[in-house]
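Report on the following structure.
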2 protein chains.
Amino acid sequence: MASEPAETTNLAAGSDALLPSTATSNTRQSRVRKREDAIIAAGRHVFTTHGYARATMAMIAREAGVADGTLYTYFENKDALARGVIADYYARLTATAKQGVDNRRTTRTRLDFLARHHITSIMEERGIIEMLPVLTSSLSDFSEDELYGLNKTYVAVFDTLIRDGRASGDIPGDADVAVLRDIFFGALDYGARSSLLRSSRKGARKADVTRLVDRLVGMIIGGGASTGSLADRLEAVIDRVEIALKKVDN
Amino acid sequence: MASEPAETTNLAAGSDALLPSTATSNTRQSRVRKREDAIIAAGRHVFTTHGYARATMAMIAREAGVADGTLYTYFENKDALARGVIADYYARLTATAKQGVDNRRTTRTRLDFLARHHITSIMEERGIIEMLPVLTSSLSDFSEDELYGLNKTYVAVFDTLIRDGRASGDIPGDADVAVLRDIFFGALDYGARSSLLRSSRKGARKADVTRLVDRLVGMIIGGGASTGSLADRLEAVIDRVEIALKKVDN
DNA sequence: TTTGATTGAATTACTATTCAGTCATGCGCG
DNA sequence: CGCGCATGACTGAATAGTAATTCAATCAAA
């Protein structure tokens, strides 16, 4: 946990974002914080493997090494605990995404990184994301929910990337950023799910990811798979005419 | 329910796919079937509005107009009932998708229809789809699950469309169909969710859908988002030529 | 009359949550 | 310096509420 390669994509556990992480400190405060971390880590694991409904407070307590009741001094209830887990997840996801993007130069490598980073994280902790609908349903004013804000902050990394890419001329077109966002994250989320279902071997999954990311990035950077030059499109049209004419011959 | 416009996109309720629907028949068999339909309809409504966890068997029974215990003569348990609802949903979704595609000529209009059809259905009955993760988690061999098969049959409509489009030269490139599928359905699912959260007005949501679908179809067909270009006009001409040729064939 | 569907009150299971009691820490005071 | 108390953390058995599920009794069609 101490010497983390700065460039890695995965979201190692534990939220040591704040405080100077004095590993030796043993004050009351620090122990409380450690415990909170342990509970969140346990929650992440249990929720990820069992899903919100099947996960029980008892499981989480046991895994965190505390009594059932202790959970309630840290989180008001199961719902709040799950939200805590998600908040921690988003915090790490956003931080590593930002960092990775800042470390690259070109729009293409940045986009490529962000795509891989997202789909990889999703695949590793799919269960976390799947709790979102359960927690937010029956919430008419979702825009006031903290989770909405966390997600917004996260996707802002993408939005900024697109705007910068446009400003520098790397990304053609002027489609609504929201549309590109839907396509980008939607494809990655769906791709993560289907790859996990389809391929059991890790190597196969990696290939799935590469294929999808390459195509997706190409579509966004290239303004469409076949850049849509007039000549290209005319050629496609000519092909169709020829095929149609063939029918006439028969 | 009797005189349904053939061209509509929405998935009217009730699964009258099979049997000649003798509205007057009053045999034991027919009443049993009617009751099953009522239960599925009630389940669909309750699950959609409350989500799997908050929906109770009592609610569904009340809404279906039967006693709690009756549900168990039709479905083994809550899980099976939810699966029944999903199966019915997929059956209708697939049927209307196929029908709509078959009713159009060009690859572009077919793809456009399929995209709108999908996102519209999702937006209307989002809760149904969100039950999937809950029901399938803890299922290591998902590929053996019936729901997997239903989904596969549904997306096959897209796969066929892409292959046909390629054969006729409408769709350039030779990227893995699975990749296009991830992008297509992923973007639509994600777009449905974010539009529902973002826009409360129905008109705004409609605009969201149009923007996303146009862009997405453009990306796959390769035409880009631009409209009214020379190429578009040529394509329109070709459509007319093809239709004219059909008439010649007859 | 038989047979299968239907009923809904009773049962069962499960778990989130509470709380009275225990414990440990760190601080103030002798 | 060391002692004991006040404070807050921690414990886990008991509670409480919720629904899923069962089943003996009833009903209605064939």
Side-chain angles (χ1 to χ4, degrees), chain A residues 19 22 24-47 49-86 127 131 134-135 137-138, chain B residues 22 24-86 127 131 134-135 137-138:
Chain A
L19 97 161
T22 42
T24 42
S25 103
N26 206 22
T27 149
R28 204 159 187 154
Q29 281 294 324
S30 83
R31 246 169 314 115
V32 162
R33 178 159 273 138
K34 244 182 231 159
R35 204 147 247 204
E36 179 160 345
D37 287 353
I39 289 172
I40 285 191
R44 171 171 51 244
H45 182 234
V46 174
F47 283 131
T49 50
H50 297 90
Y52 182 80
R54 293 185 206 277
T56 71
M57 296 301 265
M59 283 179 196
I60 297 171
R62 183 152 42 79
E63 191 157 323
V66 301
D68 294 9
T70 304
L71 298 181
Y72 291 85
T73 63
Y74 289 88
F75 296 95
E76 178 146 359
N77 51 34
K78 187 181 179 183
D79 209 90
L81 174 44
R83 282 161 177 277
V85 168
I86 294 178
M131 290 199 295
V134 180
L135 294 175
S137 77
S138 82
Chain B
T22 43
T24 42
S25 104
N26 205 21
T27 149
R28 200 158 190 153
Q29 280 294 324
S30 84
R31 248 171 312 113
V32 161
R33 177 160 274 137
K34 244 184 232 161
R35 204 145 247 206
E36 179 160 343
D37 286 353
I39 290 172
I40 285 191
R44 172 173 50 247
H45 182 235
V46 174
F47 282 131
T48 300
T49 51
H50 296 89
Y52 183 79
R54 292 186 207 278
T56 71
M57 295 301 266
M59 285 178 193
I60 297 171
R62 182 152 42 79
E63 191 156 324
V66 300
D68 294 10
T70 305
L71 298 181
Y72 290 86
T73 63
Y74 289 89
F75 296 96
E76 178 146 358
N77 52 34
K78 187 180 179 183
D79 209 270
L81 174 44
R83 282 161 178 277
V85 169
I86 294 178
M131 291 199 293
V134 180
L135 295 174
S137 78
S138 83

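Every chain is numbered from 1 and lettered A, B, ... according to where its sequence line falls, protein lines coming before strand lines. Remember, predicted model here, so these are calculated numbers, not experimental data.
Residue B/Y74 places at least one side-chain N or O under 4.0 Å from the OP1 or OP2 atom of C/dT6. Between B/R54 and D/dT18 there is no side-chain polar atom (N or O) within less than 4.0 angstrom of OP1 or OP2.
As judged by a 4.0 angstrom heavy-atom cut-off over every strand, B/A53 is placed among residues making no nucleic acid contact. Among the heavy atoms of the strands lying under 4.0 Å from A/T70 is at least one base atom, whether or not backbone atoms are also near.
When the P atom of C/dC14 is taken as reference, atom OH of A/Y52 falls 19 Å away, rounded to whole Å. In this entry the distance linking CG of B/N77 with P of D/dT22 reads 9 Å, nearest Å. Rounding to whole angstrom units, CG of residue B/D68 and P of C/dA5 are separated by 18 Å. We find that CZ of B/R35 is positioned 11 Å from P of D/dA29, with the value rounded to whole Å. Nucleotide C/dT15 holds its C1' atom 13 Å from the CZ atom of A/F47, rounded to whole Å. In this structure, CZ of B/F75 is placed 13 Å from P of C/dT6, rounded to the nearest angstrom. Between B/L71 atom CG and C/dA5 atom P the separation is 15 Å, expressed in whole Å. Computed from coordinates, the A/K78 NZ to C/dT18 C1' distance equals 17 Å when rounded to whole Å.
When distances are taken from the side chain of B/V66 to each of C/dA16, D/dT21, C/dT7, the shortest belongs to C/dT7.
Residue A/I39 comes nearest to A/I60 through the heavy atom pair O-CG2, 4.2 Å, listed as atom of the first residue, atom of the second, then distance. For A/A55 against A/H50, the heavy-atom pair with the smallest separation is N-CB, 4.0 Å.
Within the 4.5 Å cutoff, the side chain of A/F47 has heavy atoms near those of the A/L81 side chain. Using a 4.5 Å heavy-atom threshold, the side chains of B/F75 and B/R83 count as separate.
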